[in-house]
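No hydrogens, no waters, no symmetry mates; every other heavy atom, side chains included, goes into these values.
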Amino acid sequence: MKQDLKTKFSDSSRGVYLFGTTPPKDGIEDATVSSIADKLLERLAHVEFDGLIVYDIQDESSRIDKPRPFPFMRTLDPRAYSKLLREKSEKPVITYKSVSQRDEAAFTEWLDEAWNKYGVRDTVLVGSPSSEGEIQLSLNDAYKVIEKHPAQYQLGGVTIAERHASKRNEHERLISKIDQGCDFFVSQAVYDAQATIDMLSSYARKCREEGITPKRVILTFTPCGSTKTLEFMEWLGISVPEATRFRIMDAHNPLQESIRICRNNLEQILEAVMPLDIPIGLNIESLTNRKEEIDASIRLFKLLKSVVDLKLAEAAL
């Protein structure tokens with residue numbers, strides 16, 4: 001690996017560009033898993049990216065009363081898929097971990113295996129999707145466990161602008177997570193530019209007040225090609241303003257319209273946030289396994305990367 005993510009994240013003069021993916025469903029043959037990884041990397045062959053994100057998909061039905069638009073399927077261990085992608089791509093991989101299902105001892109064992117068996121070096125911890133159900137380990141307690149662990153993980157956290165829009169305290173959560181060891185943050189998918197601008201502006205202001213250098217925030221974008229995908233986004237808690245929803249649903253080509261919306265949202269965010277000295281990154285994902293949306297995510301990656309690169313070049317003048 002030419003350069004680790006920690007080094008890239010610490011260079012505020014450059015963007016960081018990641019591609020997010022989910023592990024294949026559990027129980028399929030190793031050869032099929034390998035083929036799925038190859039197809040993903042073939043799509044990314046002509047894209048300049050710094051690394052990958054592998055999500056830990058959980059059944060979030062306790063968070064919301066509405067039925068899940070796409071059925072929940074258990075997936076391969078994210079650590080195993082991360083290892084495979086890292087070996088095939090020779091790029092760093094950030095591995096998500098949902099911490100609430102197991103106790104402290106089991107989480108410690110997960111950390112041991114992740115580091116020694118699977119070569120995980122960068123991880124994002126995720127708490128319970130809701131306060132309902134049995135939570136064996138809180139996110140705060142998981143941060144304490146990883147802080148005491150001998151392995152030197154680069155630790156990231158999740159940030160949700162929608163939470164800031166309702167509770168007005170997401171910036172304080174970010175500061176708290178920095179105190180607990182987080183070196184970077186990955187946002188939920190952005191479809192509400194103003195909510196993200198408000199959250200990042202509050203974060204920058206709080207950092208100035210406390211004399212803290214802002215940690216990098218990686219903004220996630222995803223294409224949306226159908227009403228079903230739109231329903232899934234909203235089920236996941238992604239805020240889609242009404243006018244934006246209508247633009248996608250009524251468009252002759254919803255995928256292309258969603259890409260235009262993502263570009264416009266990113267430009268608005270960068271215009272507002274670049275002067276605040278928050279290092280920015282991009283994470284592009286496809287929320288479904290539909291070929292059209294996966295291909296669109298590659299086009300979206302190229303477009304949004306060029307937008308960030310141009311803004312950074314202008315800022316350096």
Side-chain angles (χ1 to χ4, degrees), residues 18-27 51-64 68-86 93-115 117-149 151 153-160 162-163 170 173-174 176-177 180-189 218 220 222 232-233 235-238 283 285-289:
L18 307 171
F19 195 87
T21 189
T22 57
K25 65 181 180 182
D26 194 20
L52 295 149
I53 292 178
V54 172
Y55 298 112
D56 185 6
I57 303 300
Q58 301 296 319
D59 183 2
E60 298 184 29
S61 55
S62 64
R63 183 180 50 77
I64 189 170
R68 201 180 198 272
F70 295 102
F72 170 72
M73 291 185 291
R74 298 206 173 276
T75 68
L76 182 72
D77 186 331
R79 298 173 298 178
Y81 197 52
S82 293
K83 182 174 188 285
L84 182 67
L85 288 175
R86 190 179 64 254
V93 181
I94 297 170
T95 307
Y96 270 49
K97 170 59 178 168
S98 179
V99 300
S100 62
Q101 297 89 359
R102 296 181 180 179
D103 61 16
E104 181 176 330
F107 180 52
T108 300
E109 183 180 350
W110 185 94
L111 291 170
D112 292 340
E113 288 184 351
W115 186 273
K117 181 178 177 181
Y118 296 102
V120 174
R121 296 296 179 264
D122 307 279
T123 188
V124 170
L125 303 186
V126 182
S128 174
S130 78
S131 57
E132 302 294 322
E134 185 182 3
I135 300 173
Q136 296 198 46
L137 187 68
S138 71
L139 184 58
N140 286 337
D141 287 340
Y143 283 141
K144 292 174 185 173
V145 173
I146 200 169
E147 183 182 17
K148 292 184 294 185
H149 196 272
Y153 284 98
Q154 181 179 220
L155 178 62
V158 171
T159 182
I160 301 175
E162 288 84 348
R163 201 158 52 191
E170 187 68 7
R173 286 173 179 260
L174 297 188
S176 174
K177 287 180 179 181
Q180 292 170 300
C182 286
D183 285 321
F184 64 95
F185 299 100
V186 182
S187 83
Q188 184 167 261
I218 298 162
T220 299
T222 183
F232 187 42
M233 283 165 39
W235 187 88
L236 288 169
I238 297 166
N283 169 43
E285 64 181 11
S286 174
L287 288 172
T288 74
N289 59 6

Subject >> Nearest non-hydrogen partners of S82 and V93, listed with the distance >> reply: OG-CG1, 3.6 Å

Original post:
Which atoms form the tightest heavy-atom contact between I238 and A189, and what is the distance?
Top reply: CG2-O, 3.4 Å

**OP:** Taking all non-hydrogen atoms of both residues into account, name the closest pair between A106 and R102 and its distance.
**Re:** CB-CB, 3.5 Å

**OP:** List in chain and number order the residues that pass ring-ring contact (aromatic ring centres under 6.0 Å, His included) with Y153, two or more places apart in sequence or in another chain; answer none if no residue qualifies.
**Re:** W115

**OP:** Can you sort out the partners of Y55 under ring-ring contact (aromatic ring centres under 6.0 Å, His included), two or more places apart, ordered by chain and number?
**Re:** Y96

Subject >> Inter-residue atom distance L174.CG - T159.OG1, 0.5 Å rounding >> reply: 4.0 Å

Subject >> Spacing of CG belonging to L18 relative to CG belonging to N283, to within rounding of 0.5 Å >> reply: 6.0 Å

Original post:
Where is the tightest heavy-atom contact between L287 and F232, given as atom of each residue plus distance?
Top reply: O-CE2, 3.6 Å

Original post:
Is there a side-chain contact between Y118 and D77, using heavy atoms and a 4.5 Å cut-off?
Top reply: yes

**OP:** To the nearest 0.5 Å, tell me how far D141 CG sits from L125 CG.
**Re:** 12.0 Å

Original post:
Should V145 and L111 count as side-chain neighbours, where that means a heavy-atom distance under 4.5 Å?
Top reply: yes

Original post:
Going from OG1 on T222 to CG on L236, what distance comes out if it is rounded to the nearest 0.5 angstrom?
Top reply: 9.5 Å

**OP:** Please report the shortest heavy-atom distance between P23 and V54, naming the atom on each side.
**Re:** CG-CG1, 3.8 Å

Original post:
Does a salt bridge link K144 with E147, judged by any charged N lying under 4.0 Å from a carboxylate O?
Top reply: no

Original post:
How far does CD of Q154 sit from OG1 of T123, to the nearest 0.5 angstrom?
Top reply: 10.5 Å

**OP:** Return the set of residues passing salt bridge (Lys or Arg N to Asp or Glu O under 4.0 Å) with D122 (not counting sequence neighbours), or none when no residue passes.
**Re:** none

Subject >> Q180 side chain reached by L139 side chain, heavy atoms, under 4.5 Å >> reply: no

Original post:
Can you name the residues that form a side chain to side chain contact (heavy atoms under 4.5 Å, CB included) with S286, not counting sequence neighbours?
Top reply: T288, E293, I294, S297

**OP:** Evaluate the side-chain proximity of Y143 to L155: yes if any heavy-atom separation is below 4.5 Å, no if none is.
**Re:** yes

**OP:** Measure the shortest side-chain to side-chain distance between F107 and K97 over non-hydrogen atoms and say whether it is less than 4.5 angstrom.
**Re:** yes

**OP:** Begin with the C-alpha distance, continue with both residues' side-chain angles, and end with the deciding distance and a verdict on side chain to side chain contact (heavy atoms under 4.5 Å, CB included) for Y81 and T75.
**Re:** CA-CA 10 Å; Y81 197 52; T75 68; over 6 Å; no

**OP:** With rounding to the nearest 0.5 Å, note down the distance linking CD1 in I53 to CG in L85.
**Re:** 12.0 Å

Original post:
Got a sec, which residues hit ring-ring contact (aromatic ring centres under 6.0 Å, His included) with F184, two or more places apart in sequence or on another chain?
Top reply: F9

**OP:** Tell me, yes or no, whether the heavy-atom count around R163 atom CZ, taken from other residues, nucleotides or ligands under 6.0 Å, exceeds 12.
**Re:** yes

Original post:
Of the non-hydrogen atoms in V158 and E170, which two are nearest, and what is the gap between them?
Top reply: O-OE2, 4.1 Å

Original post:
Taking only residues at least two apart or on different chains, which pairs with a member in residues 104-113 satisfy side-chain hydrogen bond (donor to acceptor under 3.5 Å, both in side chains)?
Top reply: R79-E113, D112-H149

